[in-house]
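Scope of the values below: all heavy atoms of this structure, side chains included, with no hydrogens, waters or symmetry mates. A, B, ... follow the sequence lines: proteins, then strands. Residue 1 opens every chain.
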Amino acid sequence: MFKFKHQIIFVLNHETFRFLSASSAASMVDSITQTQIPRQNLSNPVTQIAETSNSHFSYSLDPKYYIYSLLNCKNLAQIRQVHAQAAVNGMLQNLIVANKLLYIYAQHKALGDAYSLFDAMRERDAYSWSVMVGGFAKVGDYMNCFGIFREYIRSGERPDNYTLPLVIRACRDTVDLQMGRLIHHIVYKFGLQSDTFISAALVDMYAKCRVVEDARQLFDKMLMRDLVTWTVMIGACAECGNANESWVLFDRMGAEGVVPDKVAMVTVVNACAKLGAMHKARLVHDYIWRKNFSLDVILGTAMVDMYAKCGSVDSAREIFDRMKEKNVITWSAMIAAYGYHGQGREALDLFPMMLRSGILPNRITFVSLLYACSHAGLVEEGLRFFDLMWEDYSVRQDVKHYTCMVDLLGRAGRLDEALNLIEDMSVEKDEGLWGALLGACRIHGQIELAEKAAKSLLELQPQEPWALCIAIKYLCESR
DNA sequence: GTAGGGTTAG
């Protein structure tokens with residue numbers, strides 16, 4: 001399937017596609033996706049409910065009754081109950097009721113239920129299709145998301161500006177550029193390229209697939225750019241290492257009279273963090289303050305990170321202390337901030353405070369803590385955290401945690417322990433881990449161990465050119 | 001009678 005997929009993409013471009021009929025668009029989608037729709041169970045719970053308990057049902061024929069009942073459903077069992085009731089009363093023939101059921105199932109991530117209903121529906125409209133496409137995307141079942149979209153195109157219906165952004169986003173989330181380009185062709189085919197929702201989604205998709213030139217081209221060609229489109233493009237520039245351009249775009253956006261909201265500000269703050277320029281950080285902060293944006297968790301956390309990366313851990317702490325609501329990301333950001341400023345003690349002091357406020361650490365919190373220990377030479381503390389993360393908090397050590405430990409032990413000159421740790425670990429080793437060991441060898445002039453590490457690295461990934469590069473680089477530097 | 005977008009930590 002994948003071979004075929006690539007061949008198709010290489011053969012076609014926009015121009016050739018323009019001359020294809022809509023039905024060939026369908027067969028194209030057809031050849032690329034393989035549907036794996038869960039078929040209806042023989043023991044459908046809804047049928048069972050309908051068979052065993054219809055004496056308890058009311059026999060309302062008012063669609064509003066079912067819609068209201070569905071809105072009040074708290075769990076899947078209740079939804080199935082209403083579904084069964086509607087089935088017994090023949091109300092599933094009513095598109096409004098059936099659509100609402102689909103939607104509620106999708107909201108509860110019950111895509112199996114939703115699909116068996118969808119499959120049985122004689123009449124479907126654009127709403128029904130987009131609920132299914134979006135529902136599968138929501139639970140991360142992209143195969144079926146694309147599969148349903150394929151069926152939609154094949155049914156001869158014209159895809160609308162609700163469904164297309166959903167599949168485009170699915171391409172973004174799976175970083176599936178080939179599929180993304182294909183759907184872009186379909187957008188052209190149906191003449192929908194000027195829809196804001198669709199083009200913003202396309203810009204975002206190209207940006208996340210790191211094809212920034214395509215994203216930018218599309219962006220520049222757009223006649224109408226709304227706030228979301230601007231935000232996407234500003235974020236894309238920052239993400240791809242051109243935070244200066246983010247800043248330029250933010251100015252241009254303002255000049256064109258588009259007023260930023262909180263999400264846009266988070267994106268700009270983020271770009272500023274990547275830029276690492278304190279002057280810009282103060283400007284953004286001032287803007288946020290003047291426009292009266294409240295410091296919610298996301299904006300606040302972004303600002304903590306921004307100030308830390310622009311060099312002022314104190315300003316970061318000031319924002320941190322002013323924030324009313326903090327989550328695990330906020331705490332981790334502040335811990336990391338102290339970490340890369342070499343203030344290990346301050347980082348560690350935050351840990352009990354975090355626990356007292358009722359927030360549990362996750363794997364990134366521990367990466368930040370271990371990183372802080374290694375950059376402040378707090379060896380014993382690091383070892384303690386490394387053990388306790390699994391024992392007390394059920395957070396499994398992964399390769400990043402091991403890398404911090406190798407770095408920590410390596411810097412302290414305890415290279416044998418670092419090597420033992422690597423040899424005993426059961427998780428998969430990566431480039432960064434060997435880099436940490438080789439780095440430690442370089443500091444301490446341990447050429448034999450460096451050679452051993454380089455050899456292991458090459459044995460592990462003989463086919464990877466970067467492995468050889470890293471090994472050579474560190475070996476040369478050791479000598 | 002109804003659905004959809006962009007945002008935070010290593």
Side-chain angles (χ1 to χ4, degrees), chain A residues 63-64 66-68 70-71 94-104 106-107 125-135 137-138 160-169 172 195-205 207-208 225-236 238-239 260-271 273 293 295-306 308-309 316 319-320 323 325-337 339-340 354 359 361-372 374 398-401 403-404 432:
Chain A
K64 283 194 183 123
Y66 299 94
I67 290 163
Y68 183 75
L70 284 170
L71 289 176
N94 184 311
L95 190 58
I96 300 168
V97 172
N99 275 348
K100 196 73 184 176
L101 256 170
L102 281 184
Y103 178 64
I104 300 285
Q107 278 203 321
D125 62 6
Y127 178 96
S128 334
W129 286 101
S130 76
V131 165
M132 292 311 295
V133 167
K138 186 178 179 176
D160 67 358
N161 56 341
Y162 279 89
T163 316
L164 281 164
L166 292 168
V167 279
I168 296 168
R169 218 167 308 129
R172 174 199 67 186
D195 181 87
T196 326
F197 276 81
I198 294 175
S199 38
L202 283 168
V203 170
D204 195 26
M205 184 274 295
K208 294 276 157 43
R225 296 183 204 98
D226 66 4
L227 176 59
V228 174
T229 316
W230 280 102
T231 310
V232 164
M233 201 61 234
I234 290 170
E239 187 64 36
D261 65 357
K262 196 175 281 182
V263 178
M265 288 322 297
V266 171
T267 309
V268 173
V269 165
N270 214 0
F293 285 106
L295 272 193
D296 67 355
V297 211
I298 298 181
L299 183 57
T301 304
M303 286 181 69
V304 166
D305 186 54
M306 172 183 75
K309 288 186 178 144
I319 304 275
F320 179 83
M323 288 171 65
E325 190 196 339
K326 302 181 184 74
N327 61 18
V328 65
I329 303 178
T330 319
W331 286 95
S332 304
M334 195 63 232
I335 290 171
Y340 45 72
M354 174 178 120
I359 304 288
N362 65 16
R363 42 181 296 277
I364 298 176
T365 318
F366 283 110
V367 171
S368 306
L369 284 164
L370 295 175
Y371 182 91
S374 95
D398 69 23
V399 68
K400 300 283 181 228
H401 302 106
T403 305
C404 288

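- Here the nucleotide nearest the side chain of A/I298, chosen from B/dT8, B/dG6, B/dG1, is B/dT8.
- Within the nucleic acid shown, A/A264 comes within 4.0 Å of at least one base atom, counting heavy atoms only.
- The two residues A/I335 and A/T365 have their closest heavy-atom pair at CD1-CG2, 4.0 Å.
- No engagement by A/T330 is indicated, since no non-hydrogen atom pair under 4.0 Å with the nucleic acid exists.
- Distance A/E325 CD to B/dT7 C1': 14 Å, rounded to the nearest Å.
- Side-chain contact annotation: A/N270 with A/T267, donor-acceptor N/O pair under 3.5 Å absent.
- The residue A/V297 sits close to a base: some heavy atom pair falls under 4.0 Å.
- Nucleic acid contact class of A/V131 (heavy atoms, under 4.0 Å, all strands): none.
- Contacts of A/A200 with the nucleic acid, taken as non-hydrogen atoms under 4.0 Å apart, include base atoms.
- To the nearest angstrom, C1' of B/dA9 lies 6 Å from CD1 of A/I364.
- A/K138 comes within contact range of no nucleotide atom at all, as no heavy-atom separation falls under 4.0 Å.
- Phosphate proximity of B/dG5 to A/R172: absent, as no side-chain N or O sits under 4.0 Å from OP1 or OP2.
- Remark: C1' of B/dG1 and CD1 of A/I104 are 12 Å apart, rounded to the nearest angstrom.
- The residue A/N270 sits close only to the backbone: its heavy atoms come under 4.0 Å of sugar-phosphate atoms, none of a base.
- Here B/dA9 presents its P atom at 14 Å from CE of A/M303, a figure rounded to the nearest Å.
- Counting non-hydrogen atoms under 4.0 angstrom, A/N94 reaches nothing in the nucleic acid.
- Using a 4.0 Å heavy-atom distance criterion, A/N99 is classed as a base contact.
- For the pair A/L95 CG and B/dA3 C1', the interatomic distance rounds to 13 Å; values are reported in whole Å.
- At a threshold of 4.0 angstrom between heavy atoms, the contacts of A/I234 with the nucleic acid are absent.
- Figure legend: cation-pi geometry between A/K326 and A/F320, with NZ or CZ positioned under 6.0 Å from the six-membered ring centre and within 45° of its axis.
- The CG atom of A/D261 sits 15 Å away from the C1' atom of B/dT8 (whole-angstrom rounding).
- Contacts of A/K326 with the nucleic acid, taken as non-hydrogen atoms under 4.0 Å apart, are absent.
- In this structure, A/I168 places its CD1 atom 12 Å from P of B/dG6, rounding to the nearest Å.
- Atom CG of A/L370 is separated from atom C1' of B/dA9 by 15 Å (rounded to the nearest Å).
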Point to revise | Intermediate values then yes/no, side-chain hydrogen bond (donor to acceptor under 3.5 Å, both in side chains), A/N327 and A/T330 | key: CA-CA 5 Å; A/N327 61 18; A/T330 319; 2.9 Å; yes
